[in-house]
Amino acid sequence: MKNVSSKYLYVLIVFLTFLAGCKEPSLEVASLGKKLPSPFLKGADPFSQDFEAQNYVQIQGACDSRVGDILISFDKSIWHQPPTTPDLAGTTLPAATINDRDCTDGAFNLYLTKNDLTNIWGLPTGSSAPSVDHIYLKGESLIGDTETLVLSKGPNSGGGNSVATKLILEKNWPKGYAGSGQCESFRAQVQNSSGYRATTAVAITFKLEKRVKGLVSSDVATYSSWQDCQNGTTGQTTFTIPAGSDGIELIYKFPSTPLNETFEFRIVAPSSLSADSNYTPVVMRDSSAGSNYRWLTIEPYIHQIYKNTCYPVTIRSYNYNHSSPSDPSGGTINLTSSSSQMKFYTGSDCATETTSYTFSAYSSSINAFIKYTSSGSETETFTSVTLNKGAASAGSYTYDFAPFDLRIDLSNKSLATRLEFWGPQVLTRSQCQSFQLTTLNDNGTPIPVSAATQVYLGTQESSVGSFYTDSTCSYTSISSIAIPAQQSSFTVFFKATVNTAGTYHFLHSAAGLNFKSHDFNVILAPTKLKIYAPDMFAGACKAFTIGLSDDAGNSYVSTYNLNVNFNVSFSSPLTDRVFMDSNCSILNTSNNVTIGSGMGTAVVYIQTADLVGINLNMSVTSVGGLAGDYFYGTFH
C-alpha cells in the first residue's frame, strides 16, 4: 500500500487474527480453554502494495486447517467475510479471480478491492475520508475464534503492532478454578501492546510468584509436563519461552489447603519484556470424593449459532479431580444471558422456555436447548452474548461456572452448504477417537439440516481404518451415517489400523454439501502397559509409574481415560502399603488407577519404610488390547 493516504488498505493488515480453540476436554476438545494460533502472512505486506494505483491489495497466508472462514474487521466490532467473488470494477484483475477465504487447506488468498471495502465494510471514500489505522483478522472454528492478528498503520506495519511487549499468565480449563491436590494447567503468554498474541524474538526466562491470604511466595515450583507433575518429581522455578514462540504451558500442583481460598499467580523477573503486574486469581476447591463442589461446562463447544434456530447443548458437571460425578441427588442450576434475546428451553422444539435445569440422580449431564430470537431490525452481521450461572442452586452441591461467550450469526445465510469433520489431527493407531460431523453455512455457523442427511464416510487412502458409532470402536464398523433432521452435528468414532505412520486424508460426501479432504497424522500405537520402578532403597514413599509403551520402549499418551488394574504383594504379609498420593497418606483400596485422556502415565505410591530385604511383586492387567506387565524387586 504505497502512498495509500491512510485509507483503504490500512485495513488489509488486520487480516491475520486468529482466535480459537475447543482446550480442551471432551469436545472441549482437549484444548480446553486454549485458542488456535493466528494465521500468518506468506505473501507481500499489504502496506507495501500500491493500493491507489491498482484499487486492491492481495493478502496471502497460512493457517491451521481446523479453522473455517476468515473474518476481517476495521473496528473489532463489525466483522465480515470477504466475498467469494470480489468486486473487480476499477482493477486489472482477471475476471475469474476468486477469494480463497477459508483455512481448510491450510492457506488463504484474498483480494480486497476498493469497491468491496466501501460496499461491504462501509469504508468511506474521497479525499476527506478518515484514516484507517488498524486491520483485524481472525478465523472461526467450532471451538471458538482463533487468536486475532492486528496489523497497524505506520513505518513498522506488517509486524510493527505484533511486536512482543509483555507476558501474561492465563489459567486454563477450568478457568478461574482448581482442585486441591490436582495438577492444573496455566499458560505463560506473549502479547503485543494491543493485548493480542505475539511471538518473542529472543528466549525469555521468568519466574512465578504466588499470593494466598496476603502471604507472597516467590520461586514457585511448577512442571513442564503432566507426567512430571503426577509423578511428584522436583519442579522447576525458572522457566523459558523459546525464541520464535508465543508462550509455554505450565503445570502447577495445588496443595491440599487452604480450601475455597483464592490463589493468585503472576509472572515475575522476566529476562526481557515486561510482566503483567496483575495477579491471575484461581479459587481452589475440595477435590476429594466427599466434596460438594462441582464445576460446569457447556458442550459441545461451538461458539457460534444462527439466529432463530434451536440448538441442543449439554450442561455437564465435573468433580474437581476431573472425573464425572455420580450424585444420588441432583442439584439445580439457573442460567442467565447478557441479552434478553438469548433464551433457554427444555425441548428440541424450543417451545417451553426456562432458566432452571436439574441434574437427575446419578447423572452428570443435562440436555438443554438454546435459541437467539432475532428482532429482524439488526444492522450488524454478528453480535455476541455471554452465558452465565444465575444465583442460588438447589440441592446439596455448589456449582462453579466460568462465563461462556457465544457469537450470533444474524446474516441471511440460513442454509447448510458445507460439511466439516472436527476432531484430533494426530491419531494413535488402534485407539478409538471421537470426531464430530457438522453442517455449516457460508459463514461457518453450524446450521441444522431440514431433513435427515446421509453422510458417506471414507478415507482417501485405502485400508487406513474404520468408522464406528460407539466410543470403544468395538461394534460393527460403518461406511455412512445419517445426521438427523433439525440437527447440525453428529458424533462418530474412528480407529486407525494402518501399519505405517504418516499423513492420511478423510474424504466424506453428502448430497448438497461441500467437503474438503481433511488431513490427519497417524502415529504407531502403544502395544503394552509398562511398570517403571524407582530405586529399590527402602525408607520413603516411592512412586511406581504405570505407562503406555510400544515394544521398542517408546512412551505414548492415551487419547481416552484408561482404567488399569494392578496387584501388589510382598514376601512378608503386609497391609496398608499402597497409596494414591506422594505423601502416602491416602490409601488405594481399589487396586485401580486411571491414565487420563491426554496423559501418558498414572502413579501408584508404596510406603517402603522398614522393607529392607522384602521382595516386591507388582503386576498390571492387560486392558484395551494392551498387554500387561510384571515387576519383581528386592528392597535394600
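Worth saying up front: this structure is predicted, and the values here are computed from it rather than measured.
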| Between Lys371 and Asp349, is a salt bridge (Lys or Arg N to Asp or Glu O under 4.0 Å) present by the stated rule, with each step listed? | CA-CA 10 Å; Lys371 182 174 72 172; Asp349 56 357; over 6 Å; no
| Yes or no on side-chain hydrogen bond (donor to acceptor under 3.5 Å, both in side chains) for Gln454 and Ser480, after CA distance, side-chain angles and deciding distance? | CA-CA 7 Å; Gln454 197 75 14; Ser480 67; 3.0 Å; yes
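- Put simply, CG on Leu529 and CG on Leu562 are 6.0 Å apart, with the number rounded to the nearest 0.5 Å.
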| request: Before giving the answer on side chain to side chain contact (heavy atoms under 4.5 Å, CB included), spell out for Leu457 and Ile478 the whole-Å C-alpha distance, their side-chain angles and the decisive distance to 0.1 Å. | output: CA-CA 8 Å; Leu457 308 170; Ile478 60 172; 3.9 Å; yes
Side-chain donor-acceptor contacts of residues 357-365 below 3.5 Å, not counting sequence neighbours, with atom names and distances?
residue: Tyr357; atom: OH; partner: Tyr345; partner atom: N; Å: 3.1
residue: Tyr357; atom: OH; partner: Tyr345; partner atom: O; Å: 2.6
residue: Thr358; atom: OG1; partner: Thr332; partner atom: OG1; Å: 2.7
residue: Ser363; atom: OG; partner: Ser365; partner atom: N; Å: 3.3
residue: Ser363; atom: OG; partner: Ser365; partner atom: O; Å: 3.1

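- Pro484 approaches Val449 most closely through the heavy-atom pair O-CG2, 3.4 Å.
- Side-chain N/O atoms of Arg429 and Thr497 include no donor and acceptor closer than 3.5 Å.
- When each of Leu419, Leu513, Thr439 is paired with Val455, the side-chain contact (heavy atoms from CB on, under 4.5 Å) condition holds for Leu419 and for no other.
- A ring-ring contact (aromatic ring centres under 6.0 Å, His included) check over residues 438-459, counting only residues at least two apart or in different chains, returns nothing.
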| message | Could you walk me through whether Ser489 and Gln436 satisfy the side-chain hydrogen bond (donor to acceptor under 3.5 Å, both in side chains) test, starting with their C-alpha distance in whole Å, then the side-chain angles of each, then the deciding distance to 0.1 Å, before giving a yes or no? | response | CA-CA 6 Å; Ser489 64; Gln436 187 177 29; 3.1 Å; yes
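- Listed by chain and number, the residues in a ring-ring contact (aromatic ring centres under 6.0 Å, His included) with Phe186 are Phe265 (sequence neighbours excluded).
- Aromatic ring centres of Trp295 and Tyr177 lie farther apart than the 6.0 Å criterion allows.
- To the nearest 0.5 Å, atoms OG (Ser185) and OH (Tyr252) are separated by 14.0 Å.
- A search for side chain to side chain contact (heavy atoms under 4.5 Å, CB included) contacts involving Asn388 returns Thr336, Phe401, Pro403, not counting sequence neighbours.
- Closest approach of Gly179 and Glu184 over heavy atoms only: N-OE2, 3.0 Å.
- You'll find the side chain of Asn563 reaches within 4.5 Å of the side chain of Asn592, heavy atoms only.
- Listed by chain and number, the residues in a side chain to side chain contact (heavy atoms under 4.5 Å, CB included) with Asn588 are Phe566, Val578, Met580, Ser590, Val593 (sequence neighbours excluded).
- With sequence neighbours excluded, no residue forms a side chain to side chain donor-acceptor pair (under 3.5 Å) with Ser619.
- With Arg294 contributing its side chain and Ser291 its backbone, the two residues share a donor-acceptor pair below 3.5 Å.
- For Lys530, the side chain to side chain contact (heavy atoms under 4.5 Å, CB included) test picks out Tyr532, Ser549, Asp629, with sequence neighbours left out.
- The two residues Ile248 and Leu250 make their nearest non-hydrogen contact at CD1-CD2, 3.7 Å.
- At most 12 heavy atoms of other shown residues, nucleotides or ligands fall within 6.0 angstrom of atom OH in Tyr475.
- Between Phe435 and Phe506, the ring centre distance stays below 6.0 Å.
- Residue pairs that meet the disulfide bond (SG atoms under 2.5 Å apart) test with at least one member in residues 483-512, sequence neighbours left out, do not exist here.
- The OG1 atom of Thr594 sits 13.5 Å away from atom NE2 of His322, with the distance rounded to the nearest 0.5 Å.
- In terms of the side chain to side chain donor-acceptor pair (under 3.5 Å) criterion, Tyr223 has no residue partners (sequence neighbours excluded).
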| When you look at Leu437 and Val492, which way does the side chain to side chain contact (heavy atoms under 4.5 Å, CB included) test go after all the steps? | CA-CA 7 Å; Leu437 285 164; Val492 297; 4.2 Å; yes
| query | Would Ile70 and Asn99 count as a side chain to side chain contact (heavy atoms under 4.5 Å, CB included) if you check the C-alpha gap in whole Å, the side-chain angles of each, and the deciding distance to 0.1 Å? | reply | CA-CA 11 Å; Ile70 295 295; Asn99 283 324; over 6 Å; no
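- A cation-pi arrangement is present between Arg407 and Phe382 under the rule of less than 6.0 angstrom and at most 45 degrees off the ring axis.
- Atom NZ of Lys343 sits in a crowded spot, with more than 12 heavy atoms from other residues, nucleotides or ligands closer than 6.0 Å.
- At least one donor-acceptor pair closer than 3.5 Å links the side chain of Asp581 to the backbone N or O of Ile586.
- The two atoms that bring Ser317 and Tyr399 nearest to each other are CB-CE2, 4.1 Å, heavy atoms only.
- Here the OG1 atom belonging to Thr354 is positioned 9.0 Å from the CG atom belonging to Leu335, to the nearest 0.5 angstrom.
- Taking the charged nitrogens against the carboxylate oxygens, Asp400 and Arg285 do have a contact shorter than 4.0 Å, which makes a salt bridge.
- Taking the side chain to side chain donor-acceptor pair (under 3.5 Å) definition, one finds that Gln487 meets it with nothing, sequence neighbours left out.
- Taking all atoms of both residues into account, the shortest heavy-atom contact from Gln486 to Ser450 is NE2-O, 3.5 Å.
- No side-chain heavy atom of Ile481 sits under 4.5 Å from any side-chain heavy atom of His508.
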| task | Could you walk me through whether Asn565 and Asn567 pass the side chain to side chain contact (heavy atoms under 4.5 Å, CB included) test, one step at a time? | result | CA-CA 7 Å; Asn565 292 313; Asn567 183 66; over 6 Å; no
Name each donor-acceptor pair under 3.5 Å that joins a side chain in residues 458-469 to protein atoms two or more places apart or in another chain, with its distance.
residue: Thr459; atom: OG1; partner: Glu461; partner atom: O; Å: 2.6
residue: Glu461; atom: OE1; partner: His505; partner atom: N; Å: 2.9
residue: Glu461; atom: OE2; partner: His505; partner atom: ND1; Å: 2.8

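- Within the 3.5 Å criterion, the main-chain N or O of Lys253 finds no donor-acceptor partner in the side chain of Gln182.
- Inter-residue side-chain proximity for Asn441 and Asp409 is flagged as met; some heavy-atom pair is nearer than 4.5 Å.
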For residues 306-313, please give each side-chain donor-acceptor pair under 3.5 Å, one per line with the distance, not counting sequence neighbours.
residue: Tyr306; atom: OH; partner: Ser411; partner atom: O; Å: 2.6
residue: Tyr306; atom: OH; partner: Lys413; partner atom: N; Å: 3.4
residue: Lys307; atom: NZ; partner: Leu410; partner atom: O; Å: 3.2
residue: Lys307; atom: NZ; partner: Ser411; partner atom: O; Å: 3.2
residue: Asn308; atom: OD1; partner: Ser374; partner atom: N; Å: 2.8
residue: Thr309; atom: OG1; partner: Lys307; partner atom: O; Å: 3.0
residue: Tyr311; atom: OH; partner: Tyr306; partner atom: N; Å: 2.9
residue: Tyr311; atom: OH; partner: Pro446; partner atom: O; Å: 2.4

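- Across Ser474 and Asp470, no two heavy atoms sit closer than the pair N-OD2, 3.0 Å.
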